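Structure first, then comments.
All values derive from a computational prediction rather than experimental measurement. Quick note: numbers below take in every heavy atom, side chains included, and nothing from hydrogens, waters or symmetry partners. Letters A, B, ... are given to chains in the order of the sequence lines, protein chains preceding strands, and every chain is numbered from 1.
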Number of protein chains: 2
Amino acid sequence: MEVMDHEKYMLEAIREARKGLSEGGIPIGAVLVKGGKIIGRGHNCRVQESSAVLHAEMDCLEDAGRLAAKDYAGCTLYSTLSPCDMCSGAVLLYKIPVVVIGENKSFKGPEAYLRRRGVKLVNLDSAECRKLMAGYIKEKPALWNEDVGE
Amino acid sequence: MEVMDHEKYMLEAIREARKGLSEGGIPIGAVLVKGGKIIGRGHNCRVQESSAVLHAEMDCLEDAGRLAAKDYAGCTLYSTLSPCDMCSGAVLLYKIPVVVIGENKSFKGPEAYLRRRGVKLVNLDSAECRKLMAGYIKEKPALWNEDVGE
């Protein structure tokens with residue numbers, strides 16, 4: 001049941017990633033879920049808003065708006081890709097207890113560090129997420145490198 | 001000489017913090033310096049833009065715009081306060097080699113972790129920075145707690 005829920009919300013994160021792609025952006029999406037409800041959604045906006053900070057997870061947290069610590073405590077963050085150092089740091093700042101990731105083959109953030117700091121990580125290893133990223137990285141390596149500081 | 005430079009740029013970060021305060025915001029400021037030039041500046045925008053992600057350092061990185069890894073490699077980030085997990089994560093993502101902080105008595109981010117990951121940290125322990133934060137935290141503890149996920 002839990003896995004089915006995770007897949008349901010990951011589909012929404014994938015929908016965000018595809019929206020980003022259709023806008024000419026990097027196809028990474030995220031949703032923030034609390035009590036079975038999506039309370040924030042977003043996608044990478046590097047290209048669209050010329051943004052250095054709006055990775056999918058950050059755009060999603062910004063969309064959810066100002067929340068209290070007790071709200072974040074009941075949240076699960078879904079991202080189509082393993083969160084980078086910045087987005088992992090946001091998870092730690094707000095003490096989001098669970099992060100579900102689409103895949104970590106295209107890119108792997110500081111997952112071990114997140115776990116050491118008490119975050120539960122679930123990797124769905126989604127073929128769809130892998131395909132989205134692999135295609136993009138192959139097509140636009142310079143943009144992708146810029147996005148992960150390489 | 002280096003210390004004098006650090007103090008000069010920290011004054012600009014303090015100027016940003018005061019600007020934020022005058023707007024009704026949380027008084028934390030930051031500047032990004034490359035080759036002796038300020039290429040980005042910002043302040044905490046939680047109140048002003050109802051933002052969950054625009055801490056001073058993030059607002060400053062956003063102001064600097066999209067940069068390549070080779071640009072960040074020559075940068076120093078100045079912040080009036082020890083960077084939180086999110087902002088420290090942004091420093092790691094973009095491999096900013098040096099972070100100069102105004103103080104870490106009011107709040108201390110993951111400084112040891114940043115050092116382990118190769119970032120050089122300089123703490124100016126500025127009385128002015130401490131006074132700015134101490135006054136604010138005393139006056140608006142709820143807003144401050146929200147900003148650091150407590």
Side-chain angles (χ1 to χ4, degrees), chain A residues 26 30 32 39-40 42 44-73 75 83-97 107 109-110 113-114 116-119 142-150, chain B residues 26 30 32 39-40 42 44-73 75 83-97 107 109-110 113-114 116-119 142-150:
Chain A
I26 302 174
L32 187 67
I39 61 168
N44 187 299
C45 292
R46 175 169 298 273
V47 175
Q48 300 93 313
E49 301 189 28
S50 198
S51 175
V53 306
L54 290 177
H55 276 190
E57 299 89 332
M58 307 296 283
D59 190 46
C60 172
L61 291 174
E62 194 67 324
D63 183 57
R66 286 174 51 184
L67 300 176
K70 67 174 173 47
D71 295 317
Y72 289 116
C75 283
C84 77
D85 279 305
M86 173 176 69
C87 299
S88 296
V91 165
L92 292 171
L93 167 64
Y94 290 126
K95 302 179 186 70
I96 297 171
F107 175 85
Y113 178 63
L114 276 182
R116 276 203 303 279
R117 294 276 308 265
V119 179
L143 253 175
W144 167 245
N145 283 340
E146 183 192 307
D147 201 51
V148 290
E150 297 291 346
Chain B
I26 302 174
L32 187 68
I39 62 168
N44 187 298
C45 292
R46 175 169 297 273
V47 174
Q48 300 93 313
E49 300 190 27
S50 200
S51 175
V53 307
L54 289 177
H55 276 191
E57 299 89 333
M58 308 295 283
D59 190 46
C60 172
L61 291 174
E62 194 68 324
D63 183 56
R66 287 174 50 184
L67 300 175
K70 67 173 172 50
D71 295 317
Y72 288 115
C75 284
C84 76
D85 280 304
M86 172 176 69
C87 299
S88 297
V91 165
L92 293 171
L93 168 64
Y94 290 126
K95 302 180 185 68
I96 297 171
F107 175 85
Y113 177 63
L114 277 181
R116 276 203 302 280
R117 295 276 307 265
V119 179
L143 252 174
W144 167 247
N145 283 339
E146 183 191 307
D147 201 51
V148 289
E150 297 291 345

Contact origin within A/Ser88 toward chain B - heavy atom pairs under 4.5 Å = neither

request  = Measure distances from B/Asp147 to the heavy atoms of chain A and classify the residue's part below 4.5 Å as side chain, backbone, both or neither.
outcome  = backbone

ask   = What part of A/Arg46 gets closer than 4.5 Å to chain B, counting heavy atoms only: side chain, backbone, both or neither?
value = both

ask   = How close do A/Ala69 and B/Gly149 get, heavy atom to heavy atom, and via which atoms?
value = CB-O, 3.5 Å

remark   = Quick note, salt bridge (charged side-chain N to carboxylate O under 4.0 Å, His left out) partners involving residues 52-66 of chain B, not counting sequence neighbours, are A/Glu146-B/Arg66

inquiry  = Testing the basics here: between A/Val148 and B/Lys95, what is the closest heavy-atom pair and its distance to 0.1 Å?
reply    = O-NZ, 4.0 Å

note = Scanning both residues in full, the closest heavy-atom pair of A/Asp85 with B/Leu93 reads CB-N, 3.9 Å

task = For chain B, find which of A/Ser50, A/Ala73, A/Gly65 contributes the most heavy-atom pairs closer than 4.5 angstrom.
result = A/Ser50

query = Which distance, rounded to the nearest 0.5 Å, do you find between the CZ of A/Arg117 and the OH of B/Tyr113?
reply = 9.0 Å

note = Among B/Cys87, B/Ala64, B/Ala90, the residue with the most heavy-atom pairs under 4.5 Å to chain A is B/Ala90

remark   = In terms of heavy-atom pairs under 4.5 Å with chain A, the winner among B/Ala68, B/Ser51, B/Cys84, B/Gly109 is B/Ser51

note = Cut-off 4.5 Å, heavy atoms of chain B, and the answer for A/Leu143 is side chain

query = Of the non-hydrogen atoms in A/Tyr94 and B/Ala52, which two are nearest, and what is the gap between them?
reply = OH-O, 2.6 Å

